[in-house]
Amino acid sequence: MAPAPRYRFAPSPTGFFHVGGARTALFNWALARSSGGTFVLRIEDTDDARNQPEWTQGIIDSLAWIGISAGDPHFEGPHFQSANANAHIGAAIRLFETGHAYFCDLTSEQIKARNDETGATGYVGYSRERNLGPGPDRVLRFRVPAGSTLVHDLVRGDVEFDNATIEDFVLLRSNGTPVFLLANVVDDVEMAISHVVRAEEHLPNTPKQQMIWRALGHEPPVWAHVPVLVNEQRKKLSKRRDKVALEQYRDEGYLADAMVNYLMTLGWSPGDHEIVPWSQIEPAFRLQDVNLSPAFFDVKKLGAFNGEYIRMMSVDQFVAACDPWIPAEWDRAKFAEIALHIQPRLVTLADAPGVVDFLFLADPVIDQDSWDTTFGADYATALLRQVTEAYETCAWDHLSLKTTMEDLMVSHEIKLGKASAGTRVAITGRTVGPPLFEALEVMGRDESLRRMRAALQRLAG
RNA sequence: GGCCCGUUCGUCUAGAGGCCUAGGACACCACCCUCUCAAGGUGGCGGCACGGGUUCGAAUCCCGUACGGGCUACCA
């Protein structure tokens with residue numbers, strides 16, 4: 001029986017967690033869990049000095065947010081590549097001893113100078129037959145064999161590389177430190193990684209890694225290169241130009257479930273319906289079904305998913321989920337009363353305070369345009385006066401408030417939409433917002449009347 | 001430049017030679033519902049990059065072209 005598969009996930013610690021990385025992590029996670037295998041987290045930086053503990057913690061936190069929990073039995077790690085430097089160097093020496101690698105004392109400048117003479121590009125095996133031993137200022141290079149290298153890729157099929165196009169690449173720098181390509185393979189071998197699922201950009205590196213695997217005496221793992229995520233210009237998502245930090249979406253009130261679900265629809269399809277819980281995605285995901293072409297990370301569609309997920313919550317869940325975005329001084333009970341009415345109106349949780357702030361502020365922030373257009377109507381001021389008067393004595397529940405206004409509007413021959421506009425602006429300062437009568441009920445008679453009278457005064461003055 | 005990968009509505013996708021008059025979702029538009037805005041409902045717009053093959057039959061297989069992207073460090 002074949003051993004349980006081991007999927008390695010190797011984000012580089014750069015201070016944030018990339019949405020593209022998140023998707024790759026989810027792919028690996030689904031595969032590891034549904035196969036009874038293991039998701040192996042490896043922090044990849046060969047230089048220990050660059051490993052920032054808080055960055056690693058950030059990655060672990062972000063993974064946990066999207067459901068990839070370090071406490072899960074299928075989760076292993078984090079492993080640190082830099083901690084394994086001795087093994088990397090040991091492997092390099094073995095490659096030298098077995099003739100798979102050789103030392104070279106040429107500097108980059110010297111190589112460039114030679115190339116200028118010969119018209120060659122890259123490193124063309126200048127020191128291959130010089131039988132140099134180890135020494136200061138010498139790099140160890142892999143002796144790329146003649147022939148070709150065939151990479152079996154679960155997503156893309158067989159890809160053949162002509163070895164003549166692959167230069168004798170460096171394994172050990174002149175200062176003796178291992179290069180990532182080597183470190184990677186050594187760690188993969190040591191951690192018994194069976195599947196390498198990563199972004200397409202790594203495909204050109206794969207023949208090199210595969211050659212190292214074989215030179216080290218091991219069969220390469222199963223490769224799978226998934227398409228990259230791109231921006232509207234169809235360029236790979238980059239930190240400089242694009243919003244790529246998963247943490248940022250979390251902080252803006254995108255739900256983890258929505259993000260996970262959306263990410264999984266990029267390059268793959270869960271089937272007849274695209275809004276599906278992870279419990280259905282996990283067993284359904286297969287690498288064979290992953291697309292070959294890059295996918296645009298569409299924040300608008302993410303927003304649509306997020307709205308769906310917000311609406312799927314119970315009101316209690318929704319209130320609890322909003323809490324981090326609600327200012328500390330706001331009355332929680334009052335927010336809970338209005339929550340039901342704003343739930344279907346949100347794209348992100350961060351939008352919540354903006355649509356109900358009028359309930360909590362000392363005075364509404366009057367939008368001048370809303371005010372001008374609303375009270376530009378000839379009936380508006382008179383009607384507001386009538387409504388204010390009636391609201392002094394009518395029952396204070398949204399149904400009574402509504403019928404009271406309906407009784408008053410008939411003489412003006414307008415519909416409720418126009419009739420309520422003046423009160424809405426007086427109360428909220430805007431023409432758009434949650435249902436007016438429910439908002440009035442939550443706000444209470446005293447404060448509502450105060451605002452309506454203030455509006456009348458402003459109209460008079 | 002070299003090597004590699006890719007190409008179905010604007011976007012994400014379904015599609016494994018006949019179920020395709022190419023299906024769904026987001027976006028957009030219209031209408032319905034409606035106290036505003038949303039949500040919800042109904043409908044609309046819109047696509048197989050191009051050219052050759054193979055086949056009775058091609059979005060699907062093959063070749064070429066075009067276009068796009070990725071990689072090309074003693075970074076990871």
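Lettering follows sequence order; numbering is per chain, from 1. Keep in mind that this is a model prediction, so the values were computed, not measured.
- When each of rC4(B), rC35(B), rC3(B) is scored by its nearest atom to the side-chain atoms of Thr165(A), the top-ranked nucleotide is rC3(B).
- Seen from the ring of Phe358(A), Arg430(A) does not count as a face-on cation partner, given the 6.0 Å and 45° thresholds.
- In this structure, the separation between OG1 on Thr388(A) and CE on Met452(A) is 3.5 Å, given to the nearest 0.5 Å.
- Going from atom CD of Glu247(A) over to atom CD1 of Ile59(A) covers 8.5 Å, rounded to the nearest 0.5 Å.
- Proximity of Asn291(A) to the phosphate of rA14(B): a side-chain N or O atom is located under 4.0 Å from OP1 or OP2.
- Taking the C1' atoms as reference points, rC19(B) lies 14 Å from rG57(B), given to the whole Å.
- For a distance-only test at 3.5 Å, the side chain of Glu438(A) qualifies as a donor-acceptor partner of the base of rC35(B).
- Ionic pairing of Glu438(A) and Lys402(A) is not present here: no N-O contact between side-chain nitrogen and carboxylate oxygen is shorter than 4.0 angstrom.
- No engagement by Arg430(A) is indicated, since no non-hydrogen atom pair under 4.0 Å with the nucleic acid exists.
- The P atoms of rC61(B) and rA16(B) are separated by 11 Å, rounded to the nearest whole Å.
- Between Leu302(A) and Phe296(A), the residue anchored closer to the 5' end of RNA chain B is Phe296(A), taking for each the nucleotide with the nearest heavy atom.
- Defined by atom type and a distance below 3.5 Å, a donor-acceptor pair is missing between the side-chain atoms of Gln81(A) and Asp45(A).
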Give the B/S/- string for nucleotides 68-76 of chain B, one per nucleotide from 5' to 3', where a protein heavy atom under 4.0 Å of the base yields B, of only the sugar-phosphate yields S, and otherwise -.
-> -SBS--BSB
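- Contact annotation for Leu436(A): base contact, defined as any heavy-atom pair under 4.0 Å involving a base atom.
- Of all the residues in residues 261-271 of chain A, Thr265(A), Leu266(A), Gly267(A), Ser269(A) reach under 4.0 Å from RNA chain B with at least one non-hydrogen atom.
- Side-chain contact of Asn306(A) with Tyr262(A): a donor-acceptor pair under 3.5 Å is absent, judged by distance alone.
- For the pair Asn115(A) CG and rG2(B) C1', the interatomic distance rounds to 13 Å; values are reported in whole Å.
- Counting non-hydrogen atoms under 4.0 angstrom, Arg424(A) reaches a base of the nucleic acid.
- Nucleotides rC50(B) and rC56(B), compared at atom C1', are 26 Å apart to the nearest Å.
- Taking 4.0 Å as the cut-off between side-chain N and carboxylate O, Arg385(A) and Glu389(A) do not count as a salt-bridged pair.
- Picking from rA39(B), rU13(B), rA27(B) the nucleotide with the shortest atom distance to the side chain of Ala304(A) gives rA27(B).
- The interatomic distance linking Leu203(A) (CG) with rG6(B) (P) rounds to 9 Å, in whole Å.
- Contact of the Tyr126(A) side chain with the Ile111(A) side chain is registered, since non-hydrogen atoms from C-beta on lie closer than 4.5 Å.
- Across all strands shown, Gly433(A) has heavy atoms under 4.0 Å from base atoms, whether or not it also approaches the sugar-phosphate.
- Ionic pairing of Asp188(A) and Arg8(A) is present here: one or more N-O contacts between side-chain nitrogen and carboxylate oxygen are shorter than 4.0 angstrom.
- Whole-Å rounding puts the Lys301(A) NZ to rC28(B) P distance at 13 Å.
- For the residue pair Phe17(A) and Pro11(A), the shortest heavy atom distance occurs at CE1-CB, 4.2 Å.
- Using a 4.0 Å heavy-atom criterion, one finds that Pro227(A) contacts no nucleic acid atom at all.
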